Amino acid sequence: MILDENSKRPEIEYPCNWDYKIIGTDVVEMVKVIEEAVGDLTYEITPSNISKKGNYFSLNLTVFVPSEIVRDIIFQKVSASAFVKIVL
């Protein structure tokens, strides 16, 4: 759960753009998972970092989400992939 500095849940007005950072092991498979998770929503994927040994990759995902429920579903779908290690 997201909390602000007062340990209260921040008020988020939907629809809005939501940013995720996705760290995983295979960029091509990560992009497939993202595209499947976001469906017809408006989104943008941009590259972020590669680990020193080249084992891990990170992508930035910005999605225009209509509601908290949709935002959470995207998070869950992307997190469930074997190719994704962390979603922030």
Side-chain angles (χ1 to χ4, degrees):
M1 176 185 305
I2 301 170
L3 300 176
D4 68 9
E5 64 274 357
N6 299 320
S7 297
K8 294 182 181 176
R9 202 172 171 171
E11 289 192 32
I12 302 170
E13 292 186 33
Y14 293 95
C16 67
N17 280 327
W18 194 261
D19 296 319
Y20 301 88
K21 179 164 296 275
I22 301 162
I23 301 169
T25 57
D26 185 320
V27 172
V28 173
E29 292 298 328
M30 290 164 57
V31 169
K32 286 180 188 177
V33 167
I34 291 167
E35 290 174 341
E36 218 173 271
V38 300
D40 292 335
L41 297 174
T42 302
Y43 68 95
E44 180 181 12
I45 301 171
T46 55
S48 184
N49 294 312
I50 300 173
S51 67
K52 286 183 182 179
K53 293 183 180 180
N55 295 330
Y56 295 97
F57 307 89
S58 62
L59 300 172
N60 298 316
L61 169 64
T62 300
V63 184
F64 190 72
V65 292
S67 67
E68 180 178 11
I69 292 170
V70 172
R71 188 193 81 202
D72 290 343
I73 289 170
I74 293 169
F75 178 88
Q76 291 169 0
K77 285 182 177 181
V78 174
S79 296
S81 170
F83 299 102
V84 173
K85 299 302 176 192
I86 299 171
V87 180
L88 304 171

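On a predicted model such as this, the values are computed, not experimentally measured, just so you know. Positions are given from 1 along the sequence.
Under a hydrophobic-cluster definition in which Ile, Leu, Val, Met, Phe, Trp and Tyr are linked whenever side-chain heavy atoms come within less than 4.5 Å, directly or via other members, V87 and Y43 are assigned to the same cluster. Y20 and V70 fall within a single hydrophobic cluster, where Ile, Leu, Val, Met, Phe, Trp and Tyr side chains are chained together by heavy-atom contacts under 4.5 Å. Tracing side-chain contacts under 4.5 Å through hydrophobic residues (I, L, V, M, F, W, Y), one reaches V63 starting from V27; they form part of the same cluster. Connection of I73 to F75 is not established within any shared hydrophobic cluster, with ILVMFWY side chains joined at heavy-atom distances below 4.5 Å, either directly or through further cluster members.
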Pair K32-F83, side-chain contact (heavy atoms from CB on, under 4.5 Å): steps then yes or no: CA-CA 10 Å; K32 286 180 188 177; F83 299 102; over 6 Å; no
Criterion side-chain contact (heavy atoms from CB on, under 4.5 Å) on V84 and M30, from CA distance to verdict: CA-CA 7 Å; V84 173; M30 290 164 57; 4.2 Å; yes
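By the 4.5 Å heavy-atom criterion applied to side chains, Y56 and T25 are counted as neighbours. Residues W18 and I12 form a side-chain contact, since some pair of their non-hydrogen atoms from C-beta on lies under 4.5 Å apart. A heavy-atom distance below 4.5 Å is found between the side chains of V65 and C16. At least one side-chain heavy atom of L41 sits less than 4.5 Å from a side-chain heavy atom of I74. Side chains of I23 and S51 form no contact here, defined as non-hydrogen atoms less than 4.5 Å apart.
To the nearest 0.5 Å, atom CZ of residue F57 and atom CD1 of residue I22 are 14.5 Å apart. Here D19 contributes atom CG and E44 contributes atom CD; the two are 9.5 Å apart, rounded to the nearest 0.5 Å. Put simply, CG on L61 and CD1 on I45 are 6.0 Å apart, with the number rounded to the nearest 0.5 Å.
For I50, the CD1 atom sits in a loose shell: 12 or fewer heavy atoms of surrounding residues, nucleotides or ligands are nearer than 6.0 Å. Within 6.0 Å of atom CG in L88, more than 12 heavy atoms from other residues, nucleotides or ligands are found, so the atom counts as buried in its surroundings. Shown here is E36, whose CD atom has no more than 12 heavy atoms of other residues, nucleotides or ligands within 6.0 Å.
Residue P15 comes nearest to P66 through the heavy atom pair CB-CA, 3.8 Å, listed as atom of the first residue, atom of the second, then distance. In terms of heavy atoms, V78 sits closest to A37 at CG2-CB, 3.7 Å. Of all the heavy atoms in P47 and L59, the pair that sits closest is CA-CD2, 4.0 Å.
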